[in-house]
Structure formats: structure tokens, C-alpha cells
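For reference, positions follow the sequence shown, starting with 1. For clarity, every value in this text was computed on a predicted model and none was experimentally measured.
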Amino acid sequence: QALCFATASSCNEPAAPPSTNTRAPLTTGPAMVCSPCSPCFAASGRAPTVPVAPAPLVTSTDAGGRRRREAGQVEAPRSSPHVASQPPVANQLVGADAACSSEPAAVVIAAPIVDRDLVLANFAKNHEANFFAPPIQRPLPIVVVTGFLGSGKTTLLQRLLAARGNLRVAAVVHDLAELNVDAQILSQTSEKAIRRAEIARTDGSVVGLSGCACCPSFELALSGLVKASLREGVDQGLLDYICLETSGAADPRKLVTLLEKRFGPTARARLDRVVALVDADQFSAAGEDWLAATQQNEPWEATVQRAQLSCADVVVLNKIDLLVEGQVVALKARLQKLFPYARILSCAYGAVALSDLLEVREAPSAGIGAISHEQSTANWIVSEDLEPKPRNPALRSSSTADLSSSPQGAKGLVAAFSGSTCSKKECTVIDWFGADRPVSLAKLQLFLSVVLPAWASLLRRGKGTFWVAEDRRSRWEWQASGRLRYSVQRVAEGFAGAAPSSGIVLIFGPEFSAADEERVRQELEGLLEEPQVTPVAAGQEALAHIVLELLGGEPAFELLDPPLGEEASAAKVLRFRLSGRKKFGIAPDADLSEPPFKVDVDGMNRELAALVCMAMGGRFLGAATGRDVGTGQTCVALLWPLGITASSVDGSMTALCEPAFEVINPFEDTLAAARAESDALLSRFFAHVQSCPCGQ
């Protein structure tokens with residue numbers, strides 16, 4: 001750029017005074033530039049131009065000589081320098097002796113001069129200002145996900161992370177037990193960007209917090225985590241949001257108060273929303289008395305749920321797939337009446353829109369109207385305001401909140417955090433970990449279908465991961481919630497390179513005794529033991545009975561071979577599946593995945609196993625892999641261990657001292673639940689198959 005500074009001695013316009021900044025003397029160069037005037041340009045034969053600011057960020061000098069950056073403001077320089085929009089021909093500069101008059105005059109052609117020092121000085125000046133400018137403080141937006149045990153918080157968090165698009169989101173999972181199973185499940189997902197971390201500093205980090213939320217140690221841990229996330233994540237431009245999942249047995253109000261502080265290490269933590277989940281199945285079973293009136297001696301579960309919902313901005317009625325439409329409408333109306341300041345949503349499997357959970361807005365697309373076959377991720381914009389938007393009106397002042405719906409009444413939040421509501425004092429948490437060898441499927445089947453249902457009325461939550469001896473290459477994720485409904489997911493990738501292990505956490509209600517705890521721990525230790533060897537005659541008789549039940553009933557199942565390389569497991573587990581071949585008269589060697597059938601038999605059997613586990617009362621049906629006898633193809637197989645006999649069931653119940661508990665045959669009960677779902681599955685999965693006019 002050519003600067004008109006050579007005419008400063010002859011121009012009628014006053015020159016700007018030299019800079020007073022002694023730390024940067026090179027800034028006197030641009031101060032000698034005269035302001036734009038018509039005579040100077042007339043003498044050079046060019047028309048005047050208006051200078052254009054090179055960038056929206058400018059530097060200025062205050063009284064102390066320090067440079068500061070003012071984002072979004074453009075101010076005029078004191079000396080009013082002008083920069084030509086295009087250089088003069090042959091670098092012509094007006095001579096120092098040329099008169100500034102409106103009449104044409106002889107132009108003195110100067111030699112081509114390029115002042116590199118001046119250009120570099122201005123470049124260094126702007127670079128120095130940007131380098132030493134203080135960083136703009138950005139907030140750390142946080143959404144708190146709460147809800148009672150088994151309401152679906154981790155499932156909702158998994159869906160949120162999968163739909164985050166361009167957002168850089170980290171997850172913090174709080175668990176009452178020392179073994180944080182939820183954080184382990186969340187971090188061991190198939191998405192490579194999700195991983196376990198110690199600090200929530202980057203996108204996809206999953207951090208575990210353990211302990212009681214009402215204890216001082218938890219407050220210190222959370223404050224340190226927020227401070228580290230701000231310093232190493234937000235300030236470095238690596239993090240946009242944190243999703244904090246609380247324990248289902250925790251009162252979240254103290255946590256909410258901590259995040260709303262406007263001073264201390266959490267001052268820049270901006271609490272955007274509190275999302276509370278409600279188990280629709282449990283809500284419906286509780287009847288009209290659920291949280292209907294305040295009771296001084298109400299159960300611990302009701303006190304915790306009331307505290308969780310009282311501070312929520314959004315209440316999500318989850319698991320509505322277990323109810324009919326009329327029930328869902330009635331439950332939403334009851335929730336809106338109980339908590340009028342909250343927004344009520346309903347969903348199944350935690351499927352809630354991301355914009356309903358986070359304080360974000362969708363960014364306008366740059367390619368509006370463009371047609372493309374490429375799949376593009378959603379783009380979201382996060383507000384950078386340090387102050388949050390107004391939340392639940394009942395919580396505008398955390399220190400004086402009038403939680404009249406709480407059993408503590410107007411005593412406020414501080415009284416609500418007394419030791420009487422400590423979760424660890426009100427419930428029993430059992431965590432068990434086994435890493436040296438896998439669990440036996442027969443022992444696991446017996447524990448889940450016979451032992452654990454003995455405490456169905458006291459069990460509030462169960463979750464864990466298992467390394468199963470009959471399926472060593474994979475990892476089984478198990479959960480129990482609600483009215484003893486199980487959820488089992490087989491992860492074929494196994495433990496993602498980590499050492500395989502098994503771990504389980506069980507949370508029981510206040511009536512759970514110390515003797516009960518000791519017996520449950522003994523049963524958990526027995527999962528690693530090999531089942532007792534069944535005599536050959538008895539084993540053959542039991543196997544013949546099971547095979548007859550599978551093949552002879554309606555609809556009939558078909559037997560499968562073990563996968564290649566696992567032939568030795570045939571003596572321990574029986575593999576079978578629902579195929580529909582006998583029901584529809586299909587040849588045993590027909591490939592059902594090819595035309596004219598094109599039936600997803602693997603998906604049908606996965607769904608069948610999930611439906612059996614979801615049935616109330618504690619039924620368990622495992623699924624792994626097997627080999628089709630007719631085609632030799634690898635497929636999904638349902639598993640039943642052969643080590644379970646009537647004597648083993650009777651022995652377990654005798655050890656538990658539960659004579660009032662009805663002893664059932666676990667195989668017959670599980671098979672009855674599977675057949676109850678099979679007809680509907682076959683009709684749905686074979687609905688598209690056209691039958692021949694001859695009836696085939």
C-alpha cells in the first residue's frame with residue numbers, strides 16, 4: 001500500500017502528533033500521514049478515496065499506554081490516516097515542494113520508494129495487539145439430567161451424544177457406587193469419538209464422579225472438574241457443552257445451587273436446563289397417590305423424586321411404549337398439574353430432540369436450495385452469554401426457593417440437604433467386580449431368573465457388564481429397572497482392547513437388611529464358579545426334555561450348531577432360534593435372507609430376546625451367535641445353559657431361605673414368555689412375503 005506521507009511538510013492539513021507510546025516507537029510512521037485532502041490528490045492527478053477498515057477488530061491506546069482489543073467496535077484513528085485503495089502509477093508520490101492548490105500544477109515525479117520498515121512496523125503493531133490482548137471470557141454451558149433409578153437417563157444421554165452434530169460435548173456421569181457402570185457403558189460405545197477421560201476437556205470425553213451428592217467431597221470434586229473444564233476445554237476452544245447425569249438416588253438441588261453460584265470456581269458455569277426423567281410404567285403403576293400430597297413420613301423414594309422434579313425445567317415422561325395412548329395423555333396432564341412451571345415431554349427410549357435438551361439454536365445452512373446426496377451433520381449455535389436465560393420461576397433464588405411441594409416446605413434448600421436425606425443412609429448399594437475369569441452362563445441365568453426376583457420388591461436399580469464364559473469375545477451390558485424389567489445388549493467388539501472383566505451394581509431400598517446384603521454378595525461371588533457337574537443320565541434326560549419342548553411346541557424353534565472354533569461349548573449351552581420355517585413350510589436349506597423371502601431373521605431373534613427380558617418379574621434370555629444347520633451361515637442364536645437343573649434351583653432357594661417365594665422352572669417360564677411374543681413377530685417380519693396361489 002502506498003502511503004501519502006511525503007507531503008506532510010507542504011500540505012495545509014495538520015499532521016498528527018507523534019505517538020506517546022514509548023514501548024512501540026515505530027508507531028510514529030503512520031502518525032505522519034496527512035488526512036485525505038483534495039489538493040494532494042489533485043496534485044497527483046488522482047481522485048480521493050475513502051479508507052476502508054481492514055478488519056472489524058481495531059487497536060487503541062489508553063492513557064496507560066496499554067493496547068486493548070475491542071471486539072465488534074470500529075473507531076476512527078486519532079490522526080485520521082488515509083490509505084489509497086490502489087497504488088499510484090509507478091509508485092508516484094507528491095513531492096515535498098509541490099503546492100497544495102486547486103489549480104493544476106507541475107507534478108514532480110519522485111523515484112520509486114517502498115518503505116518496508118513502515119509496512120513491517122504496522123504489521124508488528126497489529127500482531128502485538130492481538131497477541132497480548134486478554135482472552136474473551138466464554139461460559140461453560142451445562143445441562144443437568146436427573147431422574148429416579150432406572151428412568152432412562154443414560155439412554156437419553158447416549159442419544160444426545162449421537163445427535164450432537166458439530167457441538168463439542170462432554171459427559172459427566174455421577175454414580176452413588178464406586179463402580180461407575182454408566183460411565184463405562186457410555187464410554188465403550190461403537191463411536192470412536194466417545195472415550196473415558198479424567199477431565200471433561202474435549203468433545204466425547206466421559207468423566208465419572210462417584211459418591212453421595214450431599215457430601216462435601218462431592219462438591220469439591222465437582223468444583224474442581226468445572227474449573228479444569230473451563231481452563232483446559234472452553235478457554236482452549238475445545239469444548240462447547242457439558243451434560244451432567246446425576247445418580248438416580250441423589251437429590252440434585254444442592255448440585256443445582258452450586259452451578260448457579262456467580263462467584264468462585266464455578267462462576268462461569270452457566271446452568272441452562274435441568275431435565276428430569278420419569279418412568280411412565282412406574283408412574284402408571286403407582287396410581288393416583290404418586291406425589292399427590294405432601295406427607296411428613298413419606299417413603300424415601302417419593303422424597304427423592306419430588307426433589308428431582310421440583311427443580312426441573314423439562315420433565316420427560318419416558319418409556320411410553322409400555323403404555324397405551326390414553327394412559328400417556330392422562331400421565332402428562334397429572335405431571336403438568338403437579339409441576340406447572342416445567343415443560344412436559346414424552347418419549348420412548350430417550351428419543352428427545354436435541355434442541356429440547358440443550359440451549360442451542362440451529363445454524364442457517366450455507367447451501368439453501370442446493371441438492372446433494374451427501375449426508376450432512378446438524379449445525380448448532382451455542383450462546384456465549386455468561387448469564388443464563390430465566391429458568392424455572394420457582395428457582396429464581398436458590399437460597400430462598402419456596403419449595404412448598406417438598407416435605408421440608410419453606411425451610412428452603414439448605415434444610416433439604418441435611419443428613420436425613422443422604423442417599424447412602426437411605427439405601428444399600430452393592431457393587432461387585434470380577435476380573436480374573438469369566439462368569440458362567442448357567443450361574444448368571446440362575447442369578448437373574450431365580451435369585452434376584454426374590455428381592456424384587458426391594459430392588460430399585462441394577463446395572464453391570466459381564467464377560468460370559470460361553471461368549472468370551474463379546475461384552476454383555478445388563479440393566480434392571482422398574483418392575484424388574486431387564487435390558488441386555490451384546491457388544492460384539494468386546495472390551496475394545498481392555499482387559500475383560502465383569503462388574504455389577506445393585507441398589508436396594510431402605511428395608512434391605514444386612515443379612516440380605518450378605519446373601520446377595522455370596523451369590524455374586526458364585527457367578528465365577530463352575531456349575532456342578534450333572535450326572536450323564538440326568539444331563540441327557542434334561543437335554544431331551546428341553547429339545548422336545550423347543551421343537552414340539554407352536555411356534556416351533558430350530559436348533560443351531562455352535563460357531564466355528566467354539567464346538568466345545570456345545571456341552572454347556574444349547575443354541576436355538578425362531579425362523580418360521582416350520583410354520584410357513586419353508587425348506588430347511590432355504591436362505592431366508594435371499595429372495596423371495598428377504599426376512600431379517602437375526603433382527604427378529606434379537607427383538608425376541610429383548611422382549612423376553614423386558615417382561616415383568618425377572619426373565620432372562622441371552623443371545624449370541626450360532627451356525628445355521630441347513631445353510632452353514634453364522635446367525636444370531638438364543639442361548640440356554642445346560643447346567644441348570646431342578647436340583648440347582650431348589651438348592652439356591654433353600655440357601656436364600658425364601659420358602660414363601662414360588663419356585664418355578666426357569667426354562668419353562670422363559671420359553672412360555674418367548675412363545676407369547678413369537679406369533680406377533682413372525683407375522684410382522686414375514687408380512688411382505690407373497691405366498692404362491694398353490695398355498696406354498
Quiz prompt | Step-by-step side-chain contact (heavy atoms from CB on, under 4.5 Å) determination, V275 to V144 | solution = CA-CA 6 Å; V275 180; V144 174; over 6 Å; no

Self-check item: Validation row: K443, Q445 side chains within 4.5 angstrom (heavy atoms)
Solution: no

Exercise. Quick one: do Q282 and W290 satisfy side-chain contact (heavy atoms from CB on, under 4.5 Å)? Show the steps, please.
Key: CA-CA 10 Å; Q282 287 280 75; W290 185 76; over 6 Å; no

Self-check item: Heavy-atom pair of closest approach, residues I320 and V328
Solution: CB-CG2, 3.8 Å

Quiz item: Under 4.5 Å between any side-chain heavy atoms of P641 and K572, yes or no?
Solution: no

Quiz item: Got W432 and S502 here, is their nearest side-chain heavy-atom distance under 4.5 Å?
Solution: yes

Practice problem: Kindly say whether F667 contributes a backbone atom to a donor-acceptor pair with the side chain of T670 at under 3.5 angstrom? | Solution: no

Quiz item: R195 and T202: side-chain hydrogen bond (donor to acceptor under 3.5 Å, both in side chains), yes or no, with the steps?
Solution: CA-CA 10 Å; R195 61 202 175 280; T202 57; 2.7 Å; yes

Exercise. Mind checking the CG-CG spacing from D203 to L167? Nearest 0.5 Å is all I need.
Key: 8.5 Å

Quiz item: Does a side-chain heavy-atom distance below 4.5 Å link F508 with C427?
Solution: no

Self-check item: Heavy-atom donor-acceptor pair, Q308 side chain to F148 backbone, under 3.5 Å
Solution: yes

Quiz item: Are D251 and V304 close enough, and set up right, to give a side-chain contact (heavy atoms from CB on, under 4.5 Å), and what steps lead you there?
Solution: CA-CA 6 Å; D251 184 340; V304 172; 5.7 Å; no

Quiz item: Side chains of T428 and R460: is there a donor and an acceptor less than 3.5 Å apart?
Solution: no

Quiz item: Do NZ/NE/NH1/NH2 and the carboxylate oxygens of E523 and R519 come within less than 4.0 Å?
Solution: no

Self-check item: K153 bridged to D182 by N-O distance under 4.0 Å
Solution: no

Practice problem: Looking only at non-hydrogen atoms, find the nearest pair between L357 and V143 and report the distance. | Solution: O-CG2, 3.4 Å

Self-check item: Shortest non-hydrogen contact from A276 toward A312
Solution: CB-CB, 3.6 Å

Quiz item: Once the angle between the rings of F620 and Y486 is folded into 0 to 90°, is it parallel (under 30°), tilted (30 to 60°) or perpendicular (over 60°)?
Solution: perpendicular

Exercise. Looking only at non-hydrogen atoms, find the nearest pair between A456 and L484 and report the distance.
Key: CB-CD2, 3.8 Å

Quiz prompt | CZ (R473) with more than 12 external heavy atoms under 6.0 Å | solution = no

Quiz item: If we only count heavy atoms from C-beta on, is the C243 to L358 side-chain gap below 4.5 Å?
Solution: yes

Quiz item: Is any side-chain N of the basic residue among E288 and R334 closer than 4.0 Å to the acidic one's carboxylate O?
Solution: yes

Quiz item: Hey, is R475 close enough to E477 for a salt bridge, meaning N to O under 4.0 Å?
Solution: yes

Self-check item: Short side-chain to backbone donor-acceptor contact, H174 and S247, under 3.5 Å
Solution: yes

Quiz item: Can you tell me how far the CG atom of D313 sits from the CG atom of D272, to the nearest 0.5 Å?
Solution: 9.5 Å

Exercise. Could you grab the distance from atom CZ of F339 to atom OG of S310, nearest 0.5 Å is fine?
Key: 7.0 Å

Exercise. Would you please test Q479 and R461 for side-chain hydrogen bond (donor to acceptor under 3.5 Å, both in side chains) and show each step?
Key: CA-CA 8 Å; Q479 299 188 49; R461 184 75 164 104; 2.8 Å; yes

Exercise. Compare all side-chain heavy atoms of V505 with those of I430 and state whether any distance is below 4.5 angstrom.
Key: no

Self-check item: R490 bridged to D471 by N-O distance under 4.0 Å
Solution: yes

Quiz item: How far does CD of Q158 sit from CG of L186, to the nearest 0.5 angstrom?
Solution: 5.5 Å

Practice problem: Taking atom types as modelled, find out whether Y349 and N318 have a side-chain donor-acceptor pair closer than 3.5 angstrom. | Solution: no

Practice problem: Can you measure from CG (L317) to CG (L277) and round to the nearest 0.5 angstrom? | Solution: 9.0 Å

Quiz item: Are any non-hydrogen side-chain atoms of V172 and L225 less than 4.5 angstrom apart?
Solution: yes

Quiz item: Under 3.5 Å, is there a donor-acceptor pair between the side chain of Q336 and the main chain of A342?
Solution: yes

Quiz item: Considering all heavy atoms of both residues, which atom of D279 and which atom of G150 are nearest to each other, and what is their separation?
Solution: OD2-O, 3.8 Å

Self-check item: For the student: nearest non-hydrogen atoms of S229 and L140, plus distance
Solution: CB-CD2, 3.9 Å

Exercise. Give the ring-plane orientation class for F512 versus W455, where under 30° counts as parallel, over 60° as perpendicular and anything between as tilted.
Key: perpendicular

Practice problem: Using modelled atom types only, decide if a donor and an acceptor are shared between the side chain of Q327 and the backbone of V324 within a distance under 3.5 Å. | Solution: yes

Quiz prompt | side chain to side chain contact (heavy atoms under 4.5 Å, CB included) partner of K319, chosen from S284, S346, S481 | solution = S481

Practice problem: Decide whether Q489 and W478 meet the rule of one side-chain donor and one side-chain acceptor closer than 3.5 Å. | Solution: no

Quiz prompt | SB check D175 K463 (cutoff 4.0 Å) | solution = yes

Practice problem: For the residue pair V256 and E260, establish whether any side-chain heavy-atom pair is separated by less than 4.5 Å. | Solution: yes

Quiz item: Is the backbone N or O of L441 less than 3.5 Å from a side-chain atom of E470, with the two atoms forming a donor-acceptor pair by type?
Solution: yes

Quiz item: Measuring from L524:CG to F447:CZ, what's the distance to the nearest 0.5 Å?
Solution: 4.5 Å

Quiz item: With distance as the sole test, does R164 use its side chain to make a donor-acceptor pair with the main-chain N or O of L161 at under 3.5 Å?
Solution: yes

Quiz prompt | Test item: T465 side-chain N/O and W476 main-chain N/O as donor-acceptor pair under 3.5 Å | solution = no

Exercise. Decide side-chain contact (heavy atoms from CB on, under 4.5 Å) for L338 and L309; before the verdict, give the C-alpha distance in whole Å, the side-chain angles of both, and the deciding distance to 0.1 Å.
Key: CA-CA 9 Å; L338 289 171; L309 293 169; over 6 Å; no

Self-check item: Check: V636 main-chain N/O paired with R606 side-chain donor or acceptor under 3.5 Å
Solution: no

